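A short write-up of the structure that comes next.
All of these numbers come straight from a predicted model, not from anything done at the bench. Throughout, a chain's letter reflects where its sequence line sits, starting with A, and its residues are numbered from 1.
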Number of protein chains: 2
Amino acid sequence: MTDRNLFSDAITQAHLFSGLGEEEVSRIFGLGRRSVYPSGATIFREGDPAVMCCLVLAGRLKLTKLHEEGKEIIVRYVPAGELAAAAALFAEKKYPVTAQVVDQAEIIGWDHETMKDILLTHPRLAVNMMRVVIERLEELQSRHLELHAERVEQRIARALLRIMEQSGRKTEEGILIDFRLSRRELADYTGTTLYTVSRTLSSWEKQGWIASGRERIVIIDPHALMLFAEKD
Amino acid sequence: MTDRNLFSDAITQAHLFSGLGEEEVSRIFGLGRRSVYPSGATIFREGDPAVMCCLVLAGRLKLTKLHEEGKEIIVRYVPAGELAAAAALFAEKKYPVTAQVVDQAEIIGWDHETMKDILLTHPRLAVNMMRVVIERLEELQSRHLELHAERVEQRIARALLRIMEQSGRKTEEGILIDFRLSRRELADYTGTTLYTVSRTLSSWEKQGWIASGRERIVIIDPHALMLFAEKD
DNA sequence: GGTTGTCTTTGCGCCGGCGCAAACAAGGGA
DNA sequence: TCCCTTGTTTGCGCCGGCGCAAAGACAACC
């Protein structure tokens, strides 16, 4: 069993390839180009012509979007098994975000011609992919609503919980977020400033809900955070 | 020529049906259920089981999302020719938003079984539909960024311009937004309060950039607004 | 025509969160 | 090992925007 199959085993389970045979998936994988990127690498940049649809096989990406003069937001973290840059399906489009590697990552990319062919010959995959995109849309709608309706501290709590669910690793201390995550990044993700994030985390640390260090956060009491996020 | 064909003429041009033959579109239309709703009617409610994908043939919908205790945002206005509730493609899903009729509207709806069949037998339509959803996603990402990075007044300016592009009608006074749009709704769309919107519009009215009345806005000087939205 | 309900305007006071500045902490590289 | 870069904390002052309250404007309906 080659490592290609090894991956498809893991990925086939995912929504994206549900309903497709294993060898079908293998063939589709064969049409893409696989590569490994080091931590910190930029896969593509916002505004560049979109040439490749990417599937993350291992590691993690960070998608960011820039506003005039430096302000940036983190649109999403992309864990292994998920798609980035579905927009690249359409030839004339530009990447709407920048993708950077957080953990060392392995990625498989298809150019639009290829991907469009694949979709037209595997309608099942097209429907699955639509589902993925729609779910992304719904998640973003929810975050958008949070941004309107909730105080900053609640948004930070929710963000921590969301990231914890995606990337938490149980340790004896509590649930560790297993990639470098700075105050600055958390601020860009929640739409606030690094100062406010720092103050907030400090206060939670005093309450014993979390423990944190340089680019490192451990959630000790998720339940307390959850209550805090929900409370009026 | 029946009025069904009349509509397909108008709609076929749209992205959604590009690359499909006219009779093919006709047949697809035939599989859905058409109905007319009066202004103010609710087509579906957030949280209800999603049963129908809707295409707006005429009129306009407003999509809203609720937060605990009354706060609501307007996710989007859906003009004629566009899809609402693509999520309803997937049987177990719930509507993520509430859809209400703004102008009297004619709508064609397909249940998930039907729509999924259509997509699986018309991969071309699936790809087109993906494009529509992806463009929606990108628009929302942009608005999300604006919400982070821009002052309230700039967001209101941008919102007005966006709505003007979609629904502006040229009059001798200026460009009229041709549906009822209250201060409250503009506030829910831009993530602020009706007070702030009112104050802002008043000030612009004094500058001669707009004219407004009860649930009615005319943009006199779009260029001024554009500069204002862009300015640092 | 009068009445009623909804939409809008504007004054006023308050406060959450921003952002500079400055000090401190933690790595990483030579 | 020391230095230098990058991240974090915290004090302090300021202000944009919120939200109540009360009055005015408009539309619709009897």
Side-chain angles (χ1 to χ4, degrees), chain A residues 38-40 62 67 69-74 100 102 146-157 159-160 177 179-207 210-218 228 231-232, chain B residues 38-40 62 67 69-74 100 102 146-160 177 179-207 210-218 228-229 231-232:
Chain A
S39 194
K62 178 175 85 171
H67 198 256
E69 305 309 323
K71 284 223 180 191
E72 88 171 20
I73 57 163
I74 294 176
Q100 279 173 292
V102 178
E146 285 172 21
L147 197 50
H148 280 206
E150 286 174 2
R151 307 284 101 216
V152 164
E153 296 193 340
Q154 293 180 307
R155 291 188 336 241
I156 299 174
L160 266 190
I177 288 173
F179 62 95
R180 298 199 171 287
L181 180 68
S182 70
R183 307 291 186 265
R184 179 67 214 245
E185 286 173 312
L186 202 44
D188 289 340
Y189 187 67
T190 52
T192 178
T193 61
L194 93 136
Y195 308 108
T196 302
V197 169
S198 176
R199 282 184 258 265
T200 305
L201 294 191
S202 291
S203 113
W204 291 347
E205 192 146 15
K206 284 196 190 87
Q207 314 235 9
I210 66 166
S212 77
R214 186 193 177 91
E215 297 183 309
R216 184 178 158 283
I217 300 176
V218 180
F228 182 88
K231 88 147 178 273
D232 200 28
Chain B
S39 194
K62 179 175 82 170
H67 197 257
E69 305 310 324
K71 282 222 180 192
E72 89 172 18
I73 57 163
I74 295 176
Q100 280 173 292
V102 179
E146 286 172 21
L147 197 50
H148 281 205
E150 284 174 3
R151 309 284 101 216
V152 165
E153 296 192 341
Q154 292 180 306
R155 294 191 332 244
I156 299 174
R158 266 191 222 282
L160 266 191
I177 288 173
F179 61 96
R180 297 201 172 286
L181 179 69
S182 70
R183 305 294 185 265
R184 179 69 215 240
E185 286 172 312
L186 201 44
D188 289 340
Y189 187 68
T190 51
T192 179
T193 61
L194 94 131
Y195 308 110
T196 301
V197 169
S198 176
R199 282 185 258 266
T200 304
L201 294 191
S202 291
S203 113
W204 291 347
E205 192 147 14
K206 283 193 191 90
Q207 313 235 10
I210 66 166
S212 78
R214 187 193 178 90
E215 297 182 312
R216 183 179 159 285
I217 300 176
V218 180
F228 182 88
K231 88 147 177 272
D232 201 26

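Put simply, the side chain of A/V218 does not reach to within 4.5 Å of the side chain of A/I210, judged on heavy atoms. Here the side chains of B/E72 and A/H148 are not in contact, with every heavy-atom distance at 4.5 Å or above. A/I217 has its side chain within reach of A/L160: a pair of non-hydrogen atoms, C-beta onward, lies under 4.5 Å apart.
Separating the CD atom in B/Q154 from the CZ atom in B/F228 is a distance of 6.5 Å, to the nearest 0.5 Å.
For the pair A/I156 and A/L186, the tightest heavy-atom approach, listed with the atom from each and the gap, is CG2-CD2, 4.4 Å. Annotation for B/A211 and B/E205: closest pair CA-OE2, 3.6 Å, computed over non-hydrogen atoms. Pairing each heavy atom of A/S39 with each of A/V102, the nearest pair is OG-O, 2.5 Å.
Proximity of residues 198-207 of chain B to DNA chain C (heavy atom under 4.0 angstrom from any strand atom) is restricted to B/S198, B/R199, B/S202. Near-neighbour residues of DNA chain D inside residues 182-194 of chain B, defined by a heavy atom below 4.0 Å, number-ordered: B/T192, B/T193.
We find that B/R180 and B/E185 are not joined by a salt bridge, their nearest charged nitrogen and carboxylate oxygen being 4.0 Å or further apart. Using a 4.0 Å cut-off between a side-chain N of Lys or Arg and a carboxylate O of Asp or Glu, A/E215 and A/R183 do not qualify as a salt bridge.
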Derivation and outcome, side chain to side chain donor-acceptor pair (under 3.5 Å), residues A/E146 and B/H67: CA-CA 8 Å; A/E146 285 172 21; B/H67 197 257; over 6 Å; no
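Sequence order on DNA chain D of the closest nucleotides to A/Y195 and A/R151 puts A/Y195 first from the 5' end. Looking at which nucleotide of DNA chain C each of A/R180 and B/R214 is closest to, the 5′-most match is held by B/R214.
Contact footprint of chain A on DNA chain D: nucleotides with an atom under 4.0 Å from a non-hydrogen protein atom, first to last in 5' to 3' order, D/dT6 to D/dC12.
Two end axes, each from the C1' atoms of five base pairs, can be drawn for the helix from C/dG1-D/dC30 to C/dA30-D/dT1; they diverge by 40°, to 10 degrees.
When the shell of 6.0 Å around CZ of B/R216 is examined, it contains more than 12 heavy atoms from other residues, nucleotides or ligands.
Remark: B/Q207 engages no residue in a side chain to side chain donor-acceptor pair (under 3.5 Å) (not counting sequence neighbours). For the side chain to side chain donor-acceptor pair (under 3.5 Å) test, residues two or more places apart in sequence or in another chain that qualify with A/T193 are A/T196.
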